[in-house]
Amino acid sequence: MLAQESCEACRADAPNVTDIELTDFMPAIPEWLNINEESVAKLRRSFAFKSYKQALSFTNDLAYLAEQEDHHPDILLQWGKVTVTWWTHKINGLHKNDFIMAARTDALYKH
């Protein structure tokens, strides 16, 4: 299960996920979108909250998780909504780490 895995140190020459891996990983994170932004593959999902304070708390928890794994997303905090985008800057695309962190972000949201 992806949410139970830890990220591996990623090198600049690490390969992007393959189409087969993408097909295998996406069902584990069904609410995430596989997007292409400026020719870079990314994962994006928005999370809903009842207040700004709840959204901020989730953002802070996610930042702590990202710092633990040394893998950092783009986070857009709005009233009642947090949008998270994962991709690996070093390889300018998607790595298995992004799917692990997306699954861990989902688990964080459920708690």
Practice problem: Consider only side-chain heavy atoms of I, L, V, M, F, W and Y, link residues closer than 4.5 Å, and tell whether Y52 and I75 are in one cluster. | Solution: yes
Practice problem: Taking the side chain as every heavy atom from C-beta outward, state whether F25 and D98 have any atom pair closer than 4.5 Å. | Solution: no
Quiz item: Does the side chain of L43 reach to within under 4.5 Å of the side chain of I29, using non-hydrogen atoms?
Solution: yes
Practice problem: Please name the pair of heavy atoms, one in T83 and one in S46, separated by the smallest distance, quoted to 0.1 Å. | Solution: OG1-OG, 2.8 Å
Exercise. Tell me, please, whether Y109 has R45 positioned over its six-membered ring: NZ or CZ under 6.0 Å from the ring centre and within 45 degrees of its axis?
Key: yes
Quiz item: In Å and rounded to the nearest 0.5 Å, what is the CG to NZ distance from N36 to K42?
Solution: 9.0 Å
Quiz item: Going hydrophobic residue to hydrophobic residue with side-chain gaps under 4.5 angstrom, can you get from L76 over to F58?
Solution: no
Quiz prompt | Beyond-backbone contact of E21 with K96, side-chain heavy atoms, under 4.5 angstrom | solution = no
Quiz item: Crowded around D19 CG? As in, over 12 foreign heavy atoms under 6.0 Å?
Solution: no
Self-check item: Value rounded to 0.5 Å, distance of OG1 in T18 from CG in D24
Solution: 7.5 Å
Quiz item: Would a line drawn from the ring center of W87 to the ring center of H95 be shorter than 6.0 Å?
Solution: no
Quiz item: Can you find a heavy atom in the side chain of E69 that is under 4.5 Å from one in the side chain of M101?
Solution: yes
Quiz item: Does a side-chain heavy-atom distance below 4.5 Å link N34 with L94?
Solution: yes
Practice problem: Specify the closest pair of heavy atoms between N97 and C7, including all atoms of both residues, with the distance to one decimal. | Solution: OD1-CA, 3.4 Å
Practice problem: Supply the atom-to-atom distance L62 CG to S57 OG, rounded to the nearest 0.5 angstrom. | Solution: 11.0 Å
Quiz item: Is it true that a side-chain atom of Q54 and a backbone atom of K50 form a donor plus acceptor pair closer than 3.5 Å?
Solution: yes
Self-check item: Rounded distance [0.5 Å steps], OG1 in T59 versus CZ in F47
Solution: 10.0 Å
Quiz item: Step by step, would you call T105 with W86 a side chain to side chain donor-acceptor pair (under 3.5 Å)?
Solution: CA-CA 10 Å; T105 304; W86 288 105; 3.2 Å; yes
Practice problem: Go through L56 and F49 one step at a time and tell me if the side chain to side chain contact (heavy atoms under 4.5 Å, CB included) criterion holds. | Solution: CA-CA 9 Å; L56 179 60; F49 298 91; over 6 Å; no
Practice problem: Taking all heavy atoms of G80 and all of A55, pick out the closest pair and write down the distance. | Solution: N-CB, 4.4 Å
Quiz prompt | Pairwise distance CD1(I35) to CD(E38) - rounded to 0.5 angstrom | solution = 10.0 Å
Quiz prompt | side chain to side chain contact (heavy atoms under 4.5 Å, CB included) assessment of H89 paired with H72 | solution = CA-CA 9 Å; H89 303 266; H72 306 91; 5.9 Å; no
Quiz item: Can you tell me how far the CD1 atom of I91 sits from the CG atom of D13, to the nearest 0.5 Å?
Solution: 10.0 Å
Practice problem: Start with the C-alpha gap between K90 and R11, add the side-chain angles, then the distance that decides, and say whether side chain to side chain contact (heavy atoms under 4.5 Å, CB included) holds. | Solution: CA-CA 7 Å; K90 283 185 180 180; R11 303 172 324 273; 6.0 Å; no
Quiz item: Is W79 reachable from V84 through a run of hydrophobic residues whose side-chain heavy atoms are each under 4.5 Å from the next?
Solution: yes
